[in-house]
Engineer: 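For reference, the structure I am asking about is given below.
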Amino acid sequence: MDRLIANRWFVLSVLFAGRVAMAFQFQSVAALSPAFMARFDVALADIGLLIGLYLAPGLAIALPGGAIGRRFGDRRVIAFGMALMLAGALSMILVQTWEGQILGRFIAGTGGVLLNVLMSKVVTDHFAGREIATAMGIFVNSWPVGIAAALLFLPLVGNPGDPQVAQTLVAVTTLAGLVLFLLGTRAAVQPDTHTVEATRLAGPKMKAVILAGAIWGLYNGALGMVFGFGPAMLVEQGWTLARASASTSIVLWLVALSLPLGGFLADRFGQRDAVMILGFVAFGLCLCVAPNTEQVLLLLVLLGVFAGIPAGPIMSLPASVLDPGNRALGMGVFFTLFYVGVVFAPIVGGLLSDLSGTAKTTFYFGAAMIAVCCVALVAFKRTANALKSRP
């Protein structure tokens with residue numbers, strides 16, 4: 001057990017690196033969108049489709065993903081998921097047609113779903129009951145780090161009229177993540193979860209996991225309003241697109257800093273729910289104020305500081321109600337609701353923006369989703385307390 005405790009932080013670092021590669025691949029299309037449009041003669045709406053295809057498989061695969069990991073082993077399925085990511089990247093390089101890009105993106109996204117579900121489960125296996133919020137805060141932080149890296153490096157190596165060279169870098173990064181995962185976890189001591197008999201996930205436990213997944217999906221949906229529609233809102237106020245996009249990116253960098261902080265505070269003071277509520281309230285207020293102030297940069301800074309605070313504690317919610325016997329299925333349910341949030345929230349936000357005639361509406365929609373998160377957290381707490389009081 002001592003070796004397991006010393007080993008778990010190394011395992012977390014390996015998983016972090018693998019998920020950075022996943023985020024790097026996800027953001028590659030957005031970072032190289034002008035090159036994709038020039039090379040394949042497509043419109044911005046087509047680029048949006050290509051971006052969304054990476055997440056879409058999660059609607060169908062996240063739920064059985066945990067069970068697949070239990071059947072074949074987490075390490076094998078994670079490696080298979082990374083192999084799918086690599087296959088998708090290679091398809092986009094070798095098949096230089098728009099159909100080839102769509103196929104490759106879908107294959108890569110399918111692998112990404114397996115990584116999201118099972119890597120999160122592995123972190124939970126190693127840290128359940130011990131610094132779980134801190135570990136999850138660090139793990140989740142891999143996403144903004146990978147996105148920021150893609151925005152920074154891919155445009156530098158990409159050809160304005162052809163994304164093929166930059167796509168090669170994406171493939172190399174994915175391959176490096178796969179090799180690091182295989183080598184880094186080969187001798188790692190794993191918690192003994194697969195020999196545990198599967199237990200039923202139903203009743204209050206299922207309700208608690210659904211509530212936790214809804215919180216994670218809604219929270220990410222609200223965050224998506226900032227990154228997806230923030231630049232458009234600022235352009236409406238007279239900003240140039242370049243300045244609006246650069247200013248919105250401030251939120252991303254600050255979220256990357258505040259994500260681990262939220263988890264650390266929750267574990268350090270034992271106040272997981274209080275940290276979440278503080279983050280939710282501050283985040284929601286910033287979303288309401290940002291469209292109606294001249295101090296936009298200040299509000300974007302505050303958004304970045306507070307928006308990342310709840311993430312680690314939210315990701316620790318499933319571990320508080322699941323046991324090793326139902327953790328795989330539980331994380332599948334949790335991430336299914338996450339994918340519902342990240343896939344459909346931008347669609348609804350876009351519709352509301354069109355109906356109202358302004359992108360400001362999307363920020364109010366984000367604030368409404370955060371308000372629902374607060375209500376769902378109260379319901380989760382009651383359900384979790386009822387589970388603890390059972391004999």
Engineer: Tell me whether Ser258 contacts the main-chain N or O of Leu254 through its side chain, where contact means a donor paired with an acceptor under 3.5 Å.
Structural biologist: yes
Engineer: In this structure, which one of Leu259, Val122, Leu15 forms a side chain to side chain contact (heavy atoms under 4.5 Å, CB included) with Phe139?
Structural biologist: Leu15
Engineer: Under 4.0 Å between a side-chain nitrogen and a carboxylate oxygen: does that hold for Asp125 and Lys121?
Structural biologist: yes
Engineer: When you measure from the side chain of Thr134 to the backbone N and O of Gly263, does any donor-acceptor pair fall under 3.5 Å?
Structural biologist: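 Such a contact is found between Thr134 side chain and Gly263 backbone.
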Engineer: Side chains of Leu63 and Phe335: closer than 4.5 Å at any heavy-atom pair?
Structural biologist: no
Engineer: Would one find more than 12 heavy atoms of other residues, nucleotides or ligands at under 6.0 Å from atom CG of Asp41?
Structural biologist: no
Engineer: At what distance, to the nearest 0.5 angstrom, does CG of Leu182 lie from CZ of Arg76?
Structural biologist: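 So the CG of Leu182 and the CZ of Arg76 are separated by 12.5 Å.
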Engineer: Above 12 or not: heavy atoms from other molecules or residues under 6.0 Å from CZ of Phe40?
Structural biologist: yes
Engineer: Looking only at heavy atoms, what is the nearest atom pair of Phe229 and Pro346, with distance?
Structural biologist: CZ-O, 3.6 Å
Engineer: Could you verify whether a donor N or O on one side chain and an acceptor N or O on the other, from Gln25 and Gln167, lie under 3.5 Å apart?
Structural biologist: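 Gln25 vs Gln167: no donor-acceptor pair found between side chains.
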Engineer: For Arg19 and Asn116, run side-chain contact (heavy atoms from CB on, under 4.5 Å): C-alpha distance rounded to whole Å, both residues' side-chain angles, the deciding distance at 0.1 Å, then the answer.
Structural biologist: CA-CA 8 Å; Arg19 198 164 180 266; Asn116 253 346; 3.0 Å; yes
Engineer: Tell me, do Val209 and Leu322 make a side-chain contact under 4.5 Å, heavy atoms counted?
Structural biologist: yes
Engineer: Any chain of hydrophobic side-chain contacts (each under 4.5 Å) joining Leu278 to Val275?
Structural biologist: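 No, because Leu278 and Val275 fall into different hydrophobic clusters, even though each may have its own neighbours under 4.5 Å.
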Engineer: Checking Thr97 side chain against Gly100 main chain: does a donor-acceptor pair fall under 3.5 Å?
Structural biologist: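 Judged by distance alone, yes, a pair lies under 3.5 Å.
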Engineer: For the residue pair Val113 and Pro57, what are the closest heavy atoms and their distance?
Structural biologist: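 Scanning both residues, the minimum pair turns out to be CG2-C, 3.9 Å.
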Engineer: Hydrophobic clustering (ILVMFWY, side-chain heavy atoms < 4.5 Å, transitive) - are Phe365 and Phe283 grouped together?
Structural biologist: no
Engineer: Locate the shortest heavy-atom distance separating Cys286 from Leu302; write the atom from each residue and the value.
Structural biologist: SG-CB, 3.7 Å
Engineer: side-chain contact (heavy atoms from CB on, under 4.5 Å) between Gln96 and Arg39: does it pass, once the steps are laid out?
Structural biologist: CA-CA 9 Å; Gln96 286 292 297; Arg39 173 67 179 82; 3.3 Å; yes
Engineer: Do Ile309 and Met276 come within less than 4.5 Å of each other through their side chains, counting heavy atoms only?
Structural biologist: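 No. Closest side-chain heavy atoms not under 4.5 Å.
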Engineer: Leu337 versus Trp216: any side-chain heavy-atom pair under 4.5 Å?
Structural biologist: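 No, side chains not in contact.
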Engineer: Judged by atom type as modelled, is there a donor-acceptor pair below 3.5 Å linking the side chain of Thr240 to the main-chain atoms of Arg243?
Structural biologist: yes
Engineer: In terms of hydrophobic clusters joined by side-chain contacts under 4.5 Å, are Leu12 and Phe10 together?
Structural biologist: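 Yes, Leu12 and Phe10 fall within the same hydrophobic cluster.
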Engineer: Could you give all pairs that pass the salt bridge (Lys or Arg N to Asp or Glu O under 4.0 Å) test and reach residues 271-280, with sequence neighbours left out?
Structural biologist: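 Only Asp273-Lys381 qualify under salt bridge (Lys or Arg N to Asp or Glu O under 4.0 Å).
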Engineer: So do Ile277 and Leu377 actually touch side chain to side chain, heavy atoms under 4.5 Å?
Structural biologist: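 With C-beta onward as the side chain, the pair touches.
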Engineer: Just do the side-chain contact (heavy atoms from CB on, under 4.5 Å) check on Thr124 and Met136 with the steps written out, would you?
Structural biologist: CA-CA 8 Å; Thr124 303; Met136 283 299 186; 3.1 Å; yes
Engineer: How does the hydrophobic cluster around Val378 look, that is, which other residues are in it when side-chain heavy atoms under 4.5 Å mark a link?
Structural biologist: none
Engineer: Could you check whether any side-chain N or O of Asn141 sits under 3.5 Å from a backbone N or O of Pro260, counting only pairs where one atom can act as donor and the other as acceptor?
Structural biologist: no
Engineer: Once rounded to the nearest 0.5 Å, what's the spacing between atom CZ of Phe106 and atom CD1 of Ile102?
Structural biologist: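 Output value for this atom pair is 11.5 Å.
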Engineer: Measure the shortest side-chain to side-chain distance between Leu169 and Phe24 over non-hydrogen atoms and say whether it is less than 4.5 angstrom.
Structural biologist: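 Yes - at least one pair of side-chain heavy atoms lies under 4.5 Å apart.
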Engineer: Determine yes or no for a side-chain-to-main-chain donor-acceptor pair under 3.5 angstrom, with Asp323 supplying the side chain and Asn326 the backbone.
Structural biologist: yes
Engineer: Identify, with sequence neighbours excluded, every residue that meets side-chain hydrogen bond (donor to acceptor under 3.5 Å, both in side chains) alongside Thr173.
Structural biologist: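 By the side-chain hydrogen bond (donor to acceptor under 3.5 Å, both in side chains) rule, Thr173 matches no residue at all.
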Engineer: Count I, L, V, M, F, W, Y as connected when their side-chain heavy atoms are under 4.5 Å apart, and connections chain through other members. Are Ile347 and Tyr54 then in the same cluster?
Structural biologist: yes
Engineer: Check Ser120 against Met315 and note the closest heavy-atom contact, atom names and distance.
Structural biologist: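 What the structure gives for the nearest pair is OG-CE, 3.6 Å.
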Engineer: If the threshold is 4.0 Å, N to carboxylate O, is there a salt bridge linking Glu131 and Arg8?
Structural biologist: yes
Engineer: Whether the side chain of Asp267 engages the backbone of Ala133 through a donor-acceptor N/O pair (distance < 3.5 Å, no angle test) should be reported.
Structural biologist: yes
Engineer: CG of Leu261 to CZ of Phe306: how many Å apart, nearest 0.5 Å?
Structural biologist: 10.5 Å
Engineer: Working to the nearest 0.5 Å, report the span between OH of Tyr219 and CZ of Phe280.
Structural biologist: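 Nearest 0.5 Å value for the OH-CZ distance: 8.0 Å.
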Engineer: Please tell me if the side chains of Leu303 and Phe363 come closer than 4.5 Å, counting only heavy atoms from C-beta onward.
Structural biologist: yes
Engineer: Once rounded to the nearest 0.5 Å, what's the spacing between atom CD1 of Ile210 and atom CD1 of Ile215?
Structural biologist: 12.0 Å
Engineer: Apply side-chain contact (heavy atoms from CB on, under 4.5 Å) to the pair Val29 and Phe36, showing each step before the final yes or no.
Structural biologist: CA-CA 8 Å; Val29 171; Phe36 275 97; 4.3 Å; yes
Engineer: Any chain of hydrophobic side-chain contacts (each under 4.5 Å) joining Ile314 to Phe264?
Structural biologist: no
Engineer: Which heavy atom in Ala266 sits nearest to a heavy atom in Pro313, and how many Å separate them?
Structural biologist: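 Scanning both residues completely, I find the closest heavy atoms to be CB-CG, 3.9 Å.
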Engineer: Main chain of Val289, side chain of Thr293: is a donor-acceptor contact present, judged purely on distance under 3.5 Å?
Structural biologist: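 Looks like no, no N/O pair under 3.5 Å.
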Engineer: Provide the closest heavy-atom pair for Leu287 versus Gly366 in the form atom of the first, atom of the second, distance.
Structural biologist: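 Heavy atoms only, the tightest pair is CD1-C, 3.6 Å.
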Engineer: So Gln164 and Met92, do their side chains get closer than 4.5 Å, heavy atoms only?
Structural biologist: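 No. Closest side-chain heavy atoms not under 4.5 Å.
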Engineer: Are the ring centres of Phe26 and Trp143 closer than 6.0 Å?
Structural biologist: yes
Engineer: Would you confirm whether Glu236, through its side chain, and Ala359, through its main-chain N or O, come within 3.5 Å as a donor-acceptor pair?
Structural biologist: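 Side chain of Glu236 to backbone of Ala359, a donor-acceptor pair under 3.5 Å: yes, one is there.
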Engineer: Taking the six-membered ring for Trp, is the centroid-to-centroid distance between Trp9 and Phe127 below 6.0 Å?
Structural biologist: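 Yes, the ring of Trp9 comes within the 6.0 Å limit of the ring of Phe127, centre to centre.
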Engineer: Got a second to check how far Asn220's CG is from Leu55's CG, nearest 0.5 Å?
Structural biologist: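 That separation rounds to 10.0 Å.
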